[in-house]
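Data block below; observations after.
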Amino acid sequence: MIANISYVKEVMGELKAKKKYGQNFLIDFNIVDKIAKGACDKELKTIEIGPGLGSLTERLLEYSKDVDAYEIDIDMYERLKENLKDERLTLYHEDFLETDLSKYQEKINICANLPYYVTTPILFKIFESELDIKKITVMVQKEVADRLKAKAGSEDYGALSIEVQYLYDVKVEMNVPSSVFYPAPKVESSVISFTPIRERDREFEEEFFKLVKNCFRMRRKTLHNNLKDLYDEEMIKRIYGECGFKENIRAQQLSLDDFINMYKVIY
Ligand code: SAM
């Protein structure tokens with residue numbers, strides 16, 4: 001059992017956690033087991049980003065067909081290769097951001113306790129990939145989870161929330177105290193999952209997400225102010241009329257369906 005405080009502390013006494021790689025290791029077996037159980041399927045491969053010492057990897061192997069894990073840090077990679085010998089585990093010493101994901105043609109799950117310094121680029125690499133995903137389950141800073149699942153009207157709601165919620169059913173699986181990590185991070189964490197809800201249509205997405213971003217260009221301004229540099233008054237009148245928007249409405253108050261309706265009027 002890798003996820004326990006004495007083992008992690010012993011190894012980290014030798015290796016020292018590398019801040020530049022966002023290394024905070026999970027030391028609570030029950031939490032790790034619960035994350036892995038909810039994230040995997042016995043008949044599917046799981047991809048893990050940043051296996052570290054293998055706390056999560058060990059449990060992912062328990063609940064998956066097999067596991068491909070990508071680790072940037074050579075010290076972690078070598079230690080894990082030594083410690084977790086399982087023919088169903090393929091370890092890569094690779095920066096996940098540089099990984100070619102086109103080799104995966106089968107349906108997969110993704111699970112990770114993400115390095116917080118690269119959370120957004122890693123998530124966007126996955127979201128924008130051609131991967132056939134059943135479910136993505138990741139540990140992120142609570143603040144990031146709040147933004148991703150935010151609903152219309154809330155402070156955290158923005159273009160990122162809409163884009164992600166258009167593509168996925170977003171669920172906060174659990175909030176996690178910093179005491180389950182070693183070393184303990186300074187921020188609170190949440191496990192969040194993304195389950196695809198649509199057939200992908202990249203051409204539509206590109207145009208649609210551009211529109212959403214434009215509506216939030218100047219957050220404090222009204223929707224009308226953000227639209228007027230892009231469309232003429234006649235078009236803006238049509239949008240407001242057909243979508244039933246009030247005169248001084250802001251992008252932050254619009255639901256996902258409002259944005260879809262707006263897109264339909266414009267295109
Ligand atoms: N999975 C382990 C656990 O839960 O105990 C470690 C999680 S730790 C938060 C993040 C891990 O990601 C570290 O092992 C770190 O070296 C690795 N990492 C950081 N940046 C990476 C990258 N770009 N690609 C792959 N691994 C990375």
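Counting convention: from 1, in listed order, for ligands and their atoms alike.
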Is the ring centre of Tyr263 less than 6.0 Å from the ring centre of Tyr267? yes

Tell me, which residues have any heavy atom less than 4.0 Å from some atom of ligand 1? Tyr21, Gly22, Gln23, Asn24, Phe25, Leu26, Glu48, Gly50, Pro51, Gly52, Ser55, Tyr70, Glu71, Ile72, Asp73, Glu94, Asp95, Phe96, Asn113, Leu114, Pro115, Tyr117

With a 3.5 Å cut-off and no angle check, do the side chains of Asp33 and Tyr63 form a donor-acceptor pair? yes

Who passes side-chain hydrogen bond (donor to acceptor under 3.5 Å, both in side chains) against Asp95, sequence neighbours left out? none

Between the side chains of Lys37 and Glu62, is the shortest nitrogen-to-carboxylate-oxygen separation below 4.0 Å, so that they form an ion pair? no

With a cut-off of under 6.0 Å to the ring centre and 45° to the axis, is Lys125 in cation-pi contact with Phe96? yes

Decide if atom CD of Glu82 counts as having more than 12 heavy atoms of other residues, nucleotides or ligands within a radius under 6.0 Å. no

